[in-house]
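Just below is one structure, and these are the notes that go with it.
Every heavy atom of this structure was used, including side-chain atoms; hydrogens, water molecules and symmetry mates were not.
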Amino acid sequence: MAVKTIRARLRPQQLEAYQQFKRFNVMLAHRRFGKTYLGILWLIKEIWDEERNNPRGYYYAPNYAQAKKVAWQYIKNFTQAFDGITYNESELRVNWGDRQIQLGSAENPDSSRGIYCDACILDEPAQMSPKLWSEVLRPALSDREGHALMIGTPQGRHGTFFEAWENAADDPLWARFMFKASETGIVSDDELQANRREMTRSQYLQEFECSFDAAIRGAYWGEAMSALEDSNCL
């Protein structure tokens, strides 16, 4: 079943990442980059353009409310022109023939045990239990040789997101991407300066400059590491 035409427009930076995706992908991107928008497009393409038997796609947010608020409308907007598609609003599930995408919460990783998976997204995995990836989703992808995409902003040098970022540097199955607000031009310089005035330095570096070292707000070590990073000493 070929994928239908999806009415969507990607920014140059989003398209750059999309065209270089591998089987597994980790993408650090600043706020308002359009991470979830890109991720949902990728997930739809993975599920509806693959010649698989009863393919299943999953999108996970840190909690159910975020999954519904952030991703559900995107899925409906992108797929509303597809013939024969149905939406289960109460379970946040999309069905099209034998194909299915399910939105879920990372709050209880064990509730997803037993699924099989062709493609999955972890949106803000720094806020998720490491069990969701290592014990649930990675094994669920194995027999189908499924694909995965992790997207978000960092929150310290620990957990699934940081480990995936580090490991992707040397693993040919993985691609990794970092998009800083100071480099993409998506958010204007005036707006970035306004954010700088209203946020702590650590908050700004984490949310807009993708810094793993700014997670401990106001901590001396986090500030010192960020300063070294700014001066290209790291």
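Residues in residues 55-69 take part in these side-chain hydrogen bond (donor to acceptor under 3.5 Å, both in side chains) pairs, two or more places apart or across chains: Tyr59-Asp123, Tyr60-Ser112, Asn63-Gln66.
The CG atom of Asn54 sits 9.0 Å away from the CG atom of Asp118 when rounded to the nearest 0.5 Å. We find the CG-CH2 distance between Asn77 and Trp72 to be 11.5 Å, quoted to the nearest 0.5 Å. Here the CG-CZ distance, from Leu149 to Arg23, works out to 14.0 Å after rounding to the nearest 0.5 Å. Taking CZ from Phe162 and CG from Leu28, the interatomic distance works out to 10.5 Å, rounded to the nearest 0.5 Å. Between the CD1 atom of Ile121 and the NE2 atom of His147 there is a distance of 13.5 Å, given to the nearest 0.5 Å. Note that CE of Met199 is 10.5 Å distant from CG of Leu192, once rounded to the nearest 0.5 Å.
Taking 4.5 Å as the limit, every side-chain heavy atom of Met128 sits out of range of all side-chain heavy atoms of Phe161. Using a 4.5 Å heavy-atom threshold, the side chains of Tyr18 and Leu41 count as separate. Side-chain contact check for Glu163 versus His158: every heavy-atom pair is 4.5 Å or farther apart. Within the 4.5 Å cutoff, the side chain of Asp98 has heavy atoms near those of the Pro55 side chain. Residues Tyr87 and Thr79 are in side-chain contact: their nearest non-hydrogen atoms beyond the backbone lie under 4.5 Å apart. At a threshold of 4.5 Å between non-hydrogen side-chain atoms, the residues Gln80 and Ile85 do not count as touching. Between Arg52 and Arg144 the shortest side-chain heavy-atom distance falls below 4.5 Å. At a threshold of 4.5 Å between non-hydrogen side-chain atoms, the residues Phe24 and Arg138 count as touching.
Leu43 and Tyr116 end up in different hydrophobic clusters when Ile, Leu, Val, Met, Phe, Trp and Tyr side chains are linked at under 4.5 Å.
The aromatic rings of Trp165 and Phe212 lie tilted to each other, with the angle between the two planes from 30° to 60°. Taking the six-membered ring for Trp and thresholds of 30 and 60 degrees, Phe179 and Phe177 have nearly parallel ring planes, at less than 30 degrees apart.
Checking Gln206 against Thr153 by side-chain atom types alone, no donor-acceptor pair falls below 3.5 Å.
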Let's go through Asn88 and Thr86 carefully: what are the C-alpha distance in whole Å and the side-chain angles of both, what is the deciding distance for side-chain hydrogen bond (donor to acceptor under 3.5 Å, both in side chains) to 0.1 Å, and is it a yes or a no?
CA-CA 7 Å; Asn88 187 318; Thr86 62; over 6 Å; no

Give the intermediate values and the outcome of side-chain contact (heavy atoms from CB on, under 4.5 Å) for residues Ile151 and Leu122.
CA-CA 6 Å; Ile151 54 177; Leu122 283 74; over 6 Å; no

Worked verdict on Glu209 versus Ser211 for side-chain hydrogen bond (donor to acceptor under 3.5 Å, both in side chains):
CA-CA 6 Å; Glu209 293 300 299; Ser211 173; over 6 Å; no

Derivation and outcome, side-chain contact (heavy atoms from CB on, under 4.5 Å), residues Gln203 and Arg201:
CA-CA 5 Å; Gln203 288 172 333; Arg201 186 170 185 273; over 6 Å; no

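A pairwise comparison of heavy atoms in Trp42 and Ala119 identifies CH2-CB, 4.0 Å as the closest pair. Nearest heavy-atom pair across Phe82 and Phe78 is CE1-O, 3.8 Å. Residues Pro139 and Ser134 approach most closely at CD-O, 3.6 Å, considering heavy atoms. Summarising the geometry of Glu107 relative to Pro62, their closest heavy-atom pair is CG-O, 3.2 Å, with the distance given to 0.1 Å. Here the closest heavy-atom approach between residue Asp143 and residue Ala140 is recorded as OD1-O, 3.9 Å. For Trp174 against Asn25, the heavy-atom pair with the smallest separation is CE3-N, 3.8 Å.
Between the Gln100 side chain and the Gly57 main chain, no donor and acceptor come within less than 3.5 Å of each other. For the pair Gln20 (side chain) and Glu16 (backbone), a donor-acceptor distance under 3.5 Å is present. Using a distance-only test at 3.5 Å, with no hydrogens or angles considered, a donor-acceptor pair links the side chain of Arg11 to the main chain of Phe33. For the pair Lys35 (side chain) and His30 (backbone), a donor-acceptor distance under 3.5 Å is present. Formation of a donor-acceptor pair under 3.5 Å by the Gln102 side chain with backbone atoms of Glu91 is found in this model.
Each of Val136, Thr160, Leu137, Asp110 was evaluated against Lys131; a single residue qualifies, Asp110, per the side-chain contact (heavy atoms from CB on, under 4.5 Å) test. For the salt bridge (Lys or Arg N to Asp or Glu O under 4.0 Å) with Arg31, the lone residue among Glu124, Glu191, Glu207 that qualifies is Glu207.
Counting non-hydrogen atoms of other residues, nucleotides and ligands closer than 6.0 Å to CD of Glu89 gives a total above 12.
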